[in-house]
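Order of the sequence lines fixes the chain letters, A, B, ..., with proteins taken first and strands second; residue numbering starts at 1 for each chain.
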Amino acid sequence: MKDLPTRYIPQEVEDKWCQHWEKNNLFHAQHDKKKKPYSIVIPPPNVTGILHMGHALNNTLQDIIIRYKRMKGFETLWMPGTDHAGIATQNVVEKQLAKENKTRHDISREDFLEKLWAWKKQYGDTIIHQLKKLGSSCDWERTRFTMDEGYSKAVKTVFVKLYKKGLIYRGQYIINWCPRCHTALSDEEAEHQDVQGSLYHIQYPFKNNPDQRVTVATTRPETMLGDTAVAVNPKDKRYKKLIGQTLVLPLMNREIKIIADDFVDPEFGTGAVKITPAHDPNDFEMGKRHNLEFINILNADATLNENTKEFNGLDRFKARKLIVEKLKEQNLLVKADEHQHAVGHCYRCHTVIEPYLSKQWFVKMRPLAKPALDVVKKGKVKFYPDRWTKVYVNWMEGIRDWCISRQIWWGHRIPVWYCKACGEENFIVAEETPTCCPKCKGNDLHQDEDVLDTWFSSWLWPFATLGWPEKKEDLKYFYPTNSLFTAPEIIFFWVARMIMAGLEFMGDIPFSDVYLHGTVRDAKGRKMSKSLGNALDPLEIIEEYGADALRFSLIINSGQDLFISKEKFEVGRNFANKIWNASRLVFMNTSNLNVAQLDQDFKNLKKEDLPMSCQWILSKMQTTLIDLEDAIEKYKFSEAENLVYNFIWKNFCDWYLEMIKNSFNQKDVQITTLFILEQVLKMIHPFMPFVSEEIWHSIHPESDSLAKESWPKINKALINNSIESDMVNVFDLIVSVRNVRAQWRIQSSTRIDCILGAPSKILKILEQNSKIIKSLASVDNLKFDSSKISMKDTAAGISGKIKFYIPLSGIVDIKQEKKKINEQILQSQKALTGLSSRLKNKNFLSKAPKKVVEKETERLKEIEEKIKELTNIIKDLS
RNA sequence: GGGCGAUUAGCUCAGUUGGUUAGAGCAUCUGAUUUACAUUCAGAGGGUCGAGGGUUCGAGUCCUUCAUUGCCCACCA
């Protein structure tokens, strides 16, 4: 074992281990039939991405469980990869083009894609490198990309399969249109934000009597240019008579009818609604019901088009202003109320979305949703925490069809071809590019210009990464995967759709457990974001505190949402250093041991002959292990870290190492201590892989990696409840009687500073626990001489190596002590009366379980005793 | 508008199926130190568990109403 520096310096060791793990391919998964598989697929970060705190949290969680399972003997696979992230990535490259004052339309599709691939090649692996710095134990050799060759094949196969099954269709519908990205978006990609707008009340004159008018209310007055009707509720008395009459649409001078539809809410606005079938989803439905004309008034960039006469070419918001002004001039604007309403924004560029009529591809979701709903309801797929189940169920029950076509270039091109001769409606859906039209045999074919929604590839992730549609060994061995770790924001985008795809194409769930973690926020509770400038960069934290510190601190703070500030990472840094120094202490005292034989030597030890402190820590370790495994299996990670933290810091360092410091010359103590240190390193490894690996290698330079060692086995024979409770008594000895402030210390074990009670109390406790004290200090012939202890003395000697002193005088104010103790007596007496009356209560005695009654009775006795003791102390003091 | 959470010490949170005297970390204060570790150790103060009502021998925990707050979903023009 080599000497370790006095401080743990993560910067000096982390890169070394990253490289070591990767170079030796230590996390490469095999298909070991003797082992059980355990697999996780990474939520693929976008190729545009750089590591943020959310990633750090997400991947630490996965790494903890995968390292734990690996050590537990599972054949583990953590599948890494990245997502092409259609719109997001395209936007980045478009911004680059914009610097040259170009749009993608100024260069060819091929050239644009070439730029994107070049960009992906250059920056696409950044995040992978950063994940490695975090310590992620992915199988890097298997790294996938949602647009690599095999994956593209899977996407095409899925499209064709769904089409043949009748689950994909093409049609003209109102979709969410982003005028900046120039593409359709799915409903999930439209983010609704409350916006303070105006509700304009506009008058439409009657054709026959221009002085008589109907007032309609709208938040988007420019859409009136596309109005083809005004609707009222048929039961609305105000308008009943007017149904069927003709109005003249202002500015456009188009004649439109008043129609009746149940959808109209008489309570809202004026009770009369202008109908714009081409620019509002409800109006669209109504337009179909009433056979109205669909007038498109917008271009793709949301400027007004030639259907708007004088407004042609105007931006939609400028047009809005102008139209309001013109209506004012014509005295047709009644009023504009302040009005808060939800407006859809593009989830990528935050531009206001327009409902837009266009021809798009859709997936029929109901048939896919049903089985996916069943597996969750039956508990085959479980959500952690459980409350997300409801969110999932609600969404699935109200699911709507999925618009999957996007008018961008970066992505999987839709595998559909149109024949010029046969027309648009006779399209060909095929995995391979067709050579000629199957109908007319003509070969003037062109592929659909659109690409697929990025999530149309992501939803195949759990099996497409394993080689599907080919049925290779990977797929057989590792599917279904075990757990998925992700943020709740993408339950609908991704999790739900993966469950649907898994069931549809694999006939089985993609994973059985879904763990949804919280959002990382700053100390004030705001979401961390670049634009707010409150984001902490995980790489900076790694640089300053170390990856282990980052990992540990994140997880220990992760209950629900995490509130993180820089200082929080000190916990992790300090803990790593604590483990480091504890190891140094152990190394200093165990350098003569033969580590190769350590396990055997420990086995051969007669545990019952070990000092009590050793027996205690061994027992404590078993109970900690039991709780720890339970916590990890239940995905209670912060609880798990707390258990390890307390065991290592409080039990192992503060108590155990202090207690055995003076017994390190005993070989059995050495063996036990080093053995426990090794177990400790294993226990901490999933949480803090770097520091544990570094220390492990100081002991075992020959070992491949701690990551490949086996997890400590729980040895129930080592659990010794009586010793654990005895030790609690010893600790109590220090804690329980802290009324009189006398300090003593066992000098031979140097640093146990204790607060004890009055001399008689001290003696009593020491006598009661002399066996234990003896074991602790390994001192023979321990005797207590009460005659040498008195209130006035500052110290009292004791035979043997143990000495203790009681610097009472000058520290203790007898009057105050008396007062305090009297207060305590009063309190205890109160508790006593309460308790005894309770124990006389017939209802309590008959209804409460026996155990409780017994406990309460015991407690009654304890309190009585306590009062006696306290009274004695009072006597002592006077 | 609908749904789901949250409310416990100055701050951040634990608190298992109701059962001793409601816990921890941070912060604050007091003290220790020839030290494996000042990134250390010991101790103290600080809580009518958001409010009211109910069930119960017994409620932080179960029910109900209200308040405050967060998140998700939603086509009221």
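- The separation of rG45(B) from rA9(B), taken at their C1' atoms, amounts to 11 Å, rounded to a whole angstrom.
- Taking the P atom of each, rA59(B) and rG52(B) are spaced 15 Å apart, rounded to whole Å.
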Can you pull every protein N or O that's under 3.5 Å from an N or O on nucleotides 16-26 of chain B?
from: rG19(B); atom 1: N2; to: Arg838(A); atom 2: NH2; distance (Å): 2.8
from: rU20(B); atom 1: O3'; to: Arg859(A); atom 2: NH1; distance (Å): 3.3
from: rU20(B); atom 1: O2'; to: Arg859(A); atom 2: NE; distance (Å): 2.9
from: rU21(B); atom 1: OP1; to: Arg859(A); atom 2: NH1; distance (Å): 2.6

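- Of all nucleotides listed (rC57(B), rA77(B), rC4(B)), rC57(B) comes nearest to the side chain of Asn843(A).
- Using the six-membered ring where Trp is involved, Phe492(A) and Trp395(A) have ring planes that are parallel, under 30° apart on the 30 and 60° scheme.
- Checking rA77(B), rA36(B), rC13(B) against the side-chain heavy atoms of Phe563(A) singles out rC13(B) as nearest.
- Taking the side chain as every heavy atom from C-beta outward, Tyr515(A) and Phe383(A) never approach each other to under 4.5 Å.
- Across every non-hydrogen atom of Leu674(A) and Phe587(A), the tightest pair is CD1-CE1, 4.4 Å.
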Do any N or O atoms of the protein come closer than 3.5 Å to N or O atoms of nucleotides 73-75 of chain B, and which pairs are they?
from: rC75(B); atom 1: OP1; to: Arg400(A); atom 2: NH1; distance (Å): 2.8
from: rC75(B); atom 1: O2'; to: Asn282(A); atom 2: ND2; distance (Å): 3.0
from: rC75(B); atom 1: N1; to: Asn282(A); atom 2: OD1; distance (Å): 3.3
from: rC75(B); atom 1: O2; to: Asn282(A); atom 2: OD1; distance (Å): 2.4
from: rC75(B); atom 1: O2; to: Asn282(A); atom 2: ND2; distance (Å): 2.7
from: rC75(B); atom 1: N3; to: Asn282(A); atom 2: OD1; distance (Å): 3.3

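- In terms of heavy-atom proximity, Arg573(A) sits nearest to Ala549(A) at N-CB, 3.3 Å.
- Nucleotides rG60(B) and rA6(B) have their C1' atoms positioned 14 Å apart, rounded to a whole Å.
- No hydrogens or angles considered: a donor-acceptor pair under 3.5 Å links the side chains of Arg584(A) and Asn581(A).
- Comparing the C1' positions of rC66(B) and rU7(B) gives an interatomic distance of 14 Å, to the nearest angstrom.
- No side-chain donor from either of His341(A) and Asp194(A) sits under 3.5 Å from a side-chain acceptor of the other.
- Using atom P as the reference point in both rU12(B) and rC75(B), the two lie 35 Å apart (nearest Å).
- If you check every strand for non-hydrogen atoms under 4.0 Å, Asn577(A) touches a base.
- Heavy-atom distances to RNA chain B give each of Glu639(A) and Asn581(A) a nearest nucleotide, and the one nearer the 5′ end belongs to Glu639(A).
- No donor-acceptor contact under 3.5 angstrom links the side chains of Asn651(A) and Asn646(A), judged on distance only.
- Here the side chains of Leu677(A) and Ile699(A) are in contact, with some heavy-atom distance below 4.5 Å.
- Ranking rC57(B), rU39(B), rC72(B) by closeness to the Asn574(A) side chain, first place goes to rU39(B).
- Within 4.0 Å (heavy atoms only), His201(A) reaches no atom of the nucleic acid at all.
- A distance of about 16 Å separates the P atoms of rU56(B) and rG18(B), rounded to the whole Å.
- Taking only side-chain atoms of Arg521(A), from C-beta outward, the nucleotide of rA36(B), rA77(B), rC71(B) with the closest atom is rC71(B).
- Residue Phe268(A) is classed as a base contact, given a heavy-atom separation below 4.0 Å to a base.
- Between rC76(B) and Lys274(A), no contact under 4.0 Å exists linking OP1 or OP2 to a side-chain N or O.
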